[in-house]
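Encoded as structure tokens, the structure appears first; notes follow it.
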2 protein chains.
Amino acid sequence: MQPHLTPTARVVLGMLAHGRRTGYDIKRAVETSTRFFWGASFGQIYPELERLRSSGLVELAADDEGAVSRRAHRLTPAGQLALHCWLVDDVEPHFQYRDEAMLRLFFGDLMTPDEVITHVRRTRALLEADAERVRTEILPRAREGSRAGRPLTLETARFGLELTEWMAAWYAGLERRLLDPESELPY
Amino acid sequence: MQPHLTPTARVVLGMLAHGRRTGYDIKRAVETSTRFFWGASFGQIYPELERLRSSGLVELAADDEGAVSRRAHRLTPAGQLALHCWLVDDVEPHFQYRDEAMLRLFFGDLMTPDEVITHVRRTRALLEADAERVRTEILPRAREGSRAGRPLTLETARFGLELTEWMAAWYAGLERRLLDPESELPY
DNA sequence: GTGTGCATGTAAGGAGTTACATGATTGC
DNA sequence: GCAATCATGTAACTCCTTACATGCACAC
């Protein structure tokens with residue numbers, strides 16, 4: 001029976017499986033890879049590393065990189081086991097989608113048509129900016145990972161990009177439906 | 001200058017704009033409409049209604065429905081104004097997507113190919129079940145709303161359905177790529 | 001010498017879930 | 001009589017974000 005891993009522990013252990021890392025390194029790795037579907041802040045990462053150390057899932061690694069006050073961590077065998085157990089666990093995985101722009105659209109019938117169109121255009125522009133950020137900040141690193149023997153990290157990056165593009169395209173379609181005077185909405 | 005609306009206040013005020021409601025009614029409305037992109041639990045709704053009452057954005061409505069101990073609320077003019085200000089506000093809307101299945105896939109290169117395929121099939125099945133629930137529990141109500149003069153509620157329901165179907169299809173595509181021995185992953 | 005990046009942490013607060021406790025009404 | 005649904009609320013807990021505080025190293 002494995003001890004329960006907190007949400008942050010999952011991404012921390014996973015990142016350490018890719019090699020020894022400091023808390024700062026883990027944060028950087030999250031920002032350039034899983035950010036889109038799983039974030040983590042310093043305020044979570046550092047306390048979590050300490051908890052994992054005290055429960056024996058990670059340990060301090062000898063600091064071989066010159067710089068002082070680097071506290072690099074690595075997985076212990078117990079940590080590797082806990083990570084693998086989580087990966088193949090069959091409890092329903094956590095899923096959360098929370099989207100204020102969509103909530104506003106839901107109440108959009110309380111706005112004027114012009115206000116709705118403005119909202120739709122603005123949301124689409126934000127999504128396209130997001131997509132561009134995935135393209136420049138995440139995809140290139142994922143391609144490296146793929147070449148380095150981790151093809152699935154590229155798949156998840158592509159998912160993030162394609163999902164964002166799909167949403168932007170959905171808003172473009174909505175704008176067309178809203179502007180088309182022919183559109184008898186099909187019930 | 002408008003007072004800041006908490007996240008839960010936004011959906012509560014919006015639901016009250018559609019008519020007088022008890023906390024219980026609001027919860028039911030959320031479950032059958034916005035649940036997919038904006039949830040709310042009793043533990044949030046009841047305290048929020050009291051806060052909104054004490055700040056004058058909602059008020060108790062005369063109980064015309066026989067049953068005792070129903071505390072139906074309605075918007076005050078100040079509440080209508082606050083709601084409209086939020087709807088047309090131009091601060092960046094809250095967006096959160098958190099997906100444990102995708103995080104596992106990101107670390108999937110630590111699993112065996114069989115374990116990855118199992119995970120992919122299971123996640124796809126869960127998404128298809130979600131889509132079915134949107135079809136049976138949310139879409140029919142949204143069609144009613146559309147006929148009742150709220151076409152955008154139907155648009156958002158369709159978004160929820162189509163997004164879920166798109167994700168399920170993405171997993172189907174991934175499974176094909178993983179099983180195809182020809183697949184030289186394009187970097 | 002100064003700004004940028006590397007690096008580690010803490011404290012306070014906001015948001016949300018879950019479990020619990022209670023009771024009325026309605027249909028079978 | 002009993003189960004399901006309607007109905008209101010509280011308490012404890014988890015999770016996460018933000019802001020703050022500190023200091024080193026290195027390049028320009």
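Below, chain A is the first sequence line, B the second, and so on; all start at residue 1.
For B:Tyr46 and C:dA21, the OH to P distance is 18 Å, given to the nearest whole Å. Rounding to whole angstrom units, CZ of residue A:Arg51 and P of D:dC16 are separated by 10 Å. One atom, CD1 of A:Ile45, and another, P of C:dC6, lie 15 Å apart when rounded to the nearest Å. Here C:dT8 presents its P atom at 13 Å from CZ of A:Arg21, a figure rounded to the nearest Å. In this structure, A:Leu52 places its CG atom 13 Å from P of C:dG9, rounding to the nearest Å. With rounding to whole Å, A:Phe37 atom CZ is found 15 Å from D:dC16 atom P. Whole-Å rounding puts the B:Glu48 CD to D:dT10 P distance at 13 Å.
A donor-acceptor pair is defined here as one N or O able to donate and one able to accept, closer than 3.5 Å; no such pair exists between the side chain of A:Arg53 and the backbone of A:His73.
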Can you give the donor-acceptor pairs under 3.5 Å from side chains of residues 105-121 of chain B to other protein atoms, not counting sequence neighbours?
{"unit_1": "B:Asp109", "atom_1": "OD1", "unit_2": "A:Leu152", "atom_2": "N", "d": "3.3"}
{"unit_1": "B:Asp109", "atom_1": "OD2", "unit_2": "A:Leu152", "atom_2": "N", "d": "3.2"}
{"unit_1": "B:Thr112", "atom_1": "OG1", "unit_2": "B:Glu115", "atom_2": "N", "d": "3.1"}
{"unit_1": "B:Thr112", "atom_1": "OG1", "unit_2": "B:Glu115", "atom_2": "OE1", "d": "3.4"}
{"unit_1": "B:Glu115", "atom_1": "OE1", "unit_2": "A:His84", "atom_2": "NE2", "d": "3.2"}
{"unit_1": "B:Glu115", "atom_1": "OE1", "unit_2": "B:Thr112", "atom_2": "N", "d": "3.0"}
{"unit_1": "B:Glu115", "atom_1": "OE2", "unit_2": "A:His84", "atom_2": "NE2", "d": "3.4"}
{"unit_1": "B:Thr118", "atom_1": "OG1", "unit_2": "B:Asp114", "atom_2": "O", "d": "3.0"}
{"unit_1": "B:His119", "atom_1": "NE2", "unit_2": "B:Ala101", "atom_2": "O", "d": "3.0"}
{"unit_1": "B:Arg121", "atom_1": "NE", "unit_2": "B:Glu175", "atom_2": "OE2", "d": "2.8"}
{"unit_1": "B:Arg121", "atom_1": "NH2", "unit_2": "B:Glu175", "atom_2": "OE2", "d": "3.1"}

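Between B:Gly23 and A:Leu5, the one whose closest nucleotide on DNA chain D sits nearer the 5' end is B:Gly23.
Taking the side chain of B:His4 as heavy atoms from C-beta on, and the options C:dG9, C:dA15, D:dT8, the nearest nucleotide is C:dA15. Taking only side-chain atoms of B:Pro47, from C-beta outward, the nucleotide of D:dT10, C:dG9, C:dA7 with the closest atom is D:dT10. Nearest to the side-chain atoms of A:Thr22 among the listed nucleotides C:dT8, D:dC6, D:dT8 stands C:dT8.
Of the candidates B:Arg28, B:Arg21, B:Lys27, B:Asp25 forms a salt bridge (charged side-chain N to carboxylate O under 4.0 Å, His left out) with just one, namely B:Arg28.
Residues B:Arg35 and B:Ile138 come closest through the heavy atom pair NH2-CD1, 3.6 Å.
In this structure B:Arg141 satisfies the side chain to side chain donor-acceptor pair (under 3.5 Å) test with no other residue, sequence neighbours excluded.
Looking at A:Arg177 and A:Asp180, no side-chain N of the basic residue comes within less than 4.0 Å of a carboxylate O on the acidic one, giving no salt bridge.
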Close N/O contacts between protein and nucleotides 16-20 of chain C (under 3.5 Å):
{"unit_1": "C:dG16", "atom_1": "OP1", "unit_2": "A:Arg98", "atom_2": "NE", "d": "3.1"}
{"unit_1": "C:dG16", "atom_1": "OP1", "unit_2": "A:Arg98", "atom_2": "NH2", "d": "2.6"}
{"unit_1": "C:dG16", "atom_1": "OP2", "unit_2": "B:Thr8", "atom_2": "OG1", "d": "3.3"}
{"unit_1": "C:dG16", "atom_1": "OP2", "unit_2": "B:Gln44", "atom_2": "NE2", "d": "3.2"}
{"unit_1": "C:dG16", "atom_1": "O5'", "unit_2": "B:Gln44", "atom_2": "NE2", "d": "3.4"}
{"unit_1": "C:dT17", "atom_1": "OP2", "unit_2": "B:Ser41", "atom_2": "OG", "d": "3.4"}
{"unit_1": "C:dT17", "atom_1": "OP2", "unit_2": "B:Gln44", "atom_2": "OE1", "d": "2.5"}

